[in-house]
Each structure stands twice: as structure tokens, then as C-alpha cells.
Q: 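The structure is given below, and queries will be raised subsequently.
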Amino acid sequence: MAVFGLIDGNAFYCSCQRAFEPRLKQRPVVVLSNNDGCAIARTQEAKSLGIKMGEPWHLARKHPKNRDVIWYSSNYALYADMSQRMYEVLSARVPSVEAYSIDEMFLDLSNLPYDLNDFCKGLRDDIRHHVKIPTCIGWGPTKTIAKLANALAKEDPQYNGLCDLTDPDQRKKWYKRLSIDEVWGIGRKVSEKLKRQGVTTIADFVALDPHHTRSLLTVVGARVQAELKGQSCLGLSDVLQPRKGIVSSRSFGVLLTEWEDIREALALFAHRAAETLRREDLQAAHLSVMMRTNPHNGDPWYAPSASLSIEPTSDTRDLIRIATSLAQPLWRSGFRYAKAGISLNDLRPIHQQPSLFASRSPEKSLALMEAMDAINARYGRDTLRPASTKIQQGWRPRAGMLSPRYTTCLDEILRVQT
DNA sequence: TCTGGGGTCCTAGGACCC
DNA sequence: TCTGGGGTCCTAGGACCC
């Protein structure tokens, strides 16, 4: 029988910080989103203080109860590297591992000649030992059930971080008690829809006629329902799927009113997206741009966007030129812009036959871009960059509490006193 | 009275995820 | 003062075609 496992790092970003700072042990810690906006990772101690996922930190930090909370700006270089280490430990022990998100990995636990409880306990111990990250593991006959088991492993102390939902009777018991919105794939809208139909628990949902589910929630809902019944619809893929799009966008540290500032920001976003594109040997054949005002501060809402199919390119200069000309007509004076971004889609392998009508020599373009990337790899990011991406950036996002990149930057490595 | 029907492709937008 | 960013998948609807 197929068995899917899901392992995830507890309060992953916080745990990454703790791995390098013993003083954080047993303290309430939060890690904030970009621009130091919302709390996106909280230790158990911070959760106990009532700090919610996604809570705006500028409000929460004013509460006297949160006085002793230690907070960090997010440090993705560190978290991505810790995630990679976790993946490597797992890959050495499990036949097939799918990296689902930065802190979650699906495991193929089918037909292993071990007691799964012992085996999974061993995995947790190994990660704890080698990566210094506490984890939880849940498993069951489908990914959706594994995800649910993982949540129980985390929330219910009786499980001690390991939850087995392979037994249908065990599932039945939980399905009666758990609300439909605990399920992976059931979001706010769908759960409201179901509740209007009198469906509140997972047991209610599983009992619905599949045809009814299909017509109410389309194939997406039907799939979730089948998965909850133990019929596996979602496979495990241990090869990295080629990506479909690249987004580069930021909220600004201050509101912007001038076109020149927006233009400069978009140029930098295009530059960043192009770097990602080339790192993965891709070209983009579609580009969109967006800008918007702040939806929270009472300003009038203005959020135009535009997109265009383009001659496939990974040349930073092309992407900046196109993004700029696409965005310029969208900009209106009188608005205070809080965020802008670009996204690249219709991605194709870079070594594909160039277009007959390519507007510049693909060889020369690629050579120039490769040279720029090589120089930046060697001497540091943005040693070389397009002049249109001025980096004085009055609009640079806030990052008031950035921790060192302990594992990916030699200058920031941990120092040990002897 | 009665103005086709069915197919493909593309895109925008919605919903969900971490 | 201050509310993230980057993804995927699905559907509806328009354009186009025969």
C-alpha cells in the first residue's frame, strides 16, 4: 500500500534563527515578512502570547504583552540553505523526497521494511542532530491525509510529533471532530460555501455525494474529497518541475509618487527576474507589470497592470525596456504607490532555436549577460548592473533586524571564542 | 417567428498554498 | 510611520476557425 509522509520544520524560520543563537531557546521569537510587515513565523512561546499568523507587526509590537518578543527580518538566504540541508538528510534515508515548500517535504514511505513509527522518529532525530531543526511528521495513504496527520502531530501533544493516519478507523474518529477548514486545499471561500450547505466537519464533507461535490466545487474539490477517502490523486514527484513563472515585486519602504521612482524600481525588479531566468537557463516569452496603491491606508485604490507576449529573451536590457514601456502608460500622477512588480511567464529553455527576426544577436546578448552574471557571482551581487537600476533606492523595503547569513556568506559566519 | 454548433487556443482572474 | 512575496492550478469567456 502506498504511504505518503509529510515532514515539516516547526516554526521553521524561527528555528533557523535559534539554530545559531542559543539565547533564543524558550523565548518568544517571530520572523517578519518582507518590509518587516507581518509575523510569518512564530515560536510556540510567541503563539502562546496570542500573536497570530500574518499579524501586522507594527501593531502587535505595541502590546505590552509582546514586550519581550524577539523579532527578526526574514533572511531567506539562511532559510533556503537550512532547507537544503534538511532535504539532504532526508534524501539519504528515504527512497523518494519531494521538496514541497521551503519547510515541508513529502516522503514516499511505501513498502519500507521498518516500523514506520520508529523510522520516522529516526528521521526527526537525524534532522535535529545534523540541521538543528525540530520537525513533525505525519503519514497516511494520500498526500492530503499526510498533511492532516502532520498538523495533528504538531497540535496534539499526545502524538509527540509523529502521527500515523493509515488506519481508516482512526481517521473516521478525527474526521468527526475536525473542521472542514483544517483540510489542505479547502480555503476561506470554499469552506464558507460548504458551511452554507451545512457541511462543517470533514466527516460531513466526505459523506457528500461525489457528483454533488464535483458540481459544487469543480474537480479541485472532488479531488480533495477522494484524497480524504484514501484514494490517492496526487502523486509524489522527486524531480524538480520546471517553473512556470517568475515574479519580482516589492512593497516600498515609503509611498512613491514620481514615475521616475517607479521606473527605477521596475528596472531593478526586471534585473532580478532576469538573473533568476538565466540561472535556470530560461527565456521569457511573456511579461507583465503591475503597480498599486496601499489597500490599508484609506488612499484611493488604483492597481493597474498590463502584459505582453514578447520575443523570448533573458537579456536584462530587453526586459527593462519592455517593462518600462509597458508600465509608463499605467502610471497616473496623484496616486501614492505602495508596491510594484513584474512577472515573467511562458518560460522556455534558453538554448531553443532563436527567432528569425531576433532584434539583437542572441549570441552576443547571451555572452554579455553571462559575463555580467559571472562577475557578480565572483565579486558580489550588483557589482555590475544596468545603469537604469540606481540602487540608492529611497524606496528600499524596511529590514530592521536582519540576522547574519550564517551559512552562505563567509563574512557573516558564526565566530566561536575559545 | 425561429439566423449553427462545436472545436481550439489564449488570457484574466479567482482560489489556494506556503 | 508601519499590513509580504512567490508560486500553482482551474475556469470562464472571448477570438477565431470550419
Side-chain angles (χ1 to χ4, degrees), chain A residues 6 8-9 11-13 30-41 51-62 71-76 79-80 83 98-106 143-144 147 150-151 180-194 214-224 233-234 237 240-255 269 272-273 276 280 285-288 290 292-299 303-309 336 338-347 395 397-401:
Chain A
L6 180 70
D8 81 330
F12 184 67
Y13 296 171
V30 300
V31 172
L32 306 183
S33 62
N34 270 319
N35 216 19
D36 291 343
C38 313
I40 52 169
I51 298 170
K52 299 276 179 284
M53 179 67 183
E55 196 169 335
W57 185 240
H58 71 98
L59 298 175
R61 66 186 301 190
K62 286 189 196 142
W71 62 276
Y72 289 92
S73 308
S74 37
N75 182 344
Y76 290 104
Y79 312 147
S83 173
E98 175 190 325
Y100 171 64
S101 75
I102 196 163
D103 73 322
E104 287 171 288
M105 284 140 214
F106 280 108
K143 279 182 158 181
T144 305
K147 195 90 167 89
N150 172 273
I180 185 67
D181 37 49
E182 304 273 329
V183 177
W184 184 44
I186 305 286
R188 193 172 50 87
K189 294 280 182 183
V190 167
S191 122
E192 280 169 11
K193 200 172 192 176
L194 285 170
R214 171 73 172 78
S215 66
L216 194 66
L217 306 177
T218 79
V219 294
V220 186
R223 200 156 53 203
V224 173
C233 309
L234 305 167
S237 153
L240 212 51
Q241 297 301 308
R243 67 154 88 228
K244 306 263 166 65
I246 297 168
V247 174
S248 177
S249 68
R250 283 289 178 283
S251 293
F252 306 129
V254 295
L255 298 170
F269 300 151
R272 292 275 175 262
T276 306
E280 303 189 11
H286 192 266
L287 182 155
S288 15
M290 57 78 64
R292 65 164 173 76
T293 55
N294 184 333
H296 306 292
N297 69 352
D299 274 13
S305 66
S307 62
L308 190 64
S309 288
R336 301 195 298 169
K339 176 178 179 175
I342 88 158
S343 92
L344 303 178
N345 290 286
D346 196 355
L347 307 185
W395 50 269
R398 278 175 294 274
M401 281 290 179

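Naming convention: chains lettered A, B, ... in sequence-line order (proteins, then strands); numbering from 1 in each chain.
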Q: At 4.0 Å (heavy atoms only), tell me whether A:K147 reaches a base, stays on the sugar-phosphate, or touches nothing.
A: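 Since only primed, P, OP1 and OP2 atoms lie under 4.0 Å of A:K147, the category is sugar-phosphate.
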Q: Just checking A:S307: base, sugar-phosphate only, or nothing, at a heavy-atom cut-off of under 4.0 Å?
A: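 Here A:S307 touches the backbone only, sparing every base.
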Q: For C:dT3 and A:K339 - does any side-chain N or O of the residue sit under 4.0 Å from the phosphate oxygens OP1/OP2?
A: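 No.
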Q: Taking OP1 and OP2 of C:dG6, is either one under 4.0 Å from a side-chain nitrogen or oxygen of A:R250?
A: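 Result: yes.
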Q: Between A:S33 and A:N35, do the side chains contain an N or O donor and an N or O acceptor separated by less than 3.5 Å?
A: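 There is no such pair (donor and acceptor under 3.5 Å, judged by atom type) between the side chains of A:S33 and A:N35.
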Q: Select base, sugar-phosphate, or nothing to describe what A:V183 touches, counting heavy atoms under 4.0 Å on all strands.
A: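 Since only primed, P, OP1 and OP2 atoms lie under 4.0 Å of A:V183, the category is sugar-phosphate.
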Q: Counting only Watson-Crick pairs (N1-N3 plus N6-O4 or O6-N4) and G-U wobbles (N1-O2, O6-N3), all under 3.5 Å, who is the partner of B:dC18?
A: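 B:dC18 is paired with C:dG5.
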Q: Taking B:dG4 as the reference, what is the distance to C:dC16 when you measure between their C1' atoms (whole Å, please)?
A: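 Rounded to whole Å, the distance is 15 Å.
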Q: Describe the nucleic acid contact of A:I246 in one word from base, sugar-phosphate, nothing, applying a heavy-atom distance below 4.0 Å.
A: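 Sugar-phosphate only.
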Q: Does A:K244 put a side-chain nitrogen or oxygen below 4.0 Å from OP1 or OP2 of C:dC9?
A: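 Result: yes.
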Q: For C:dT8, does either OP1 or OP2 sit under 4.0 Å from a side-chain N or O belonging to A:R243?
A: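 It does not, given that no N or O in the side chain of A:R243 lies less than 4.0 Å from OP1 or OP2 of C:dT8.
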Q: Taking the nucleotide of DNA chain C with the closest heavy atom to each, which residue, A:H296 or A:S249, is nearer the 5' end?
A: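 Final value for this comparison: A:H296.
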Q: Want to settle it: does A:P242 or A:R214 sit nearer the 5' end of DNA chain C, counting the closest nucleotide to each?
A: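 Going by which nucleotide is closer to the 5' end, it is A:P242.
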Q: Is there a side-chain contact between A:S74 and the phosphate of C:dG5, meaning an N or O under 4.0 Å from OP1 or OP2?
A: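 Looking at the OP1 and OP2 atoms of C:dG5, neither is under 4.0 Å from any side-chain N or O of A:S74.
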Q: Given atom CD1 of A:I40 and atom C1' of C:dG5, what is their separation to the nearest angstrom?
A: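 Interatomic distance, CD1 of A:I40 to C1' of C:dG5: 9 Å.
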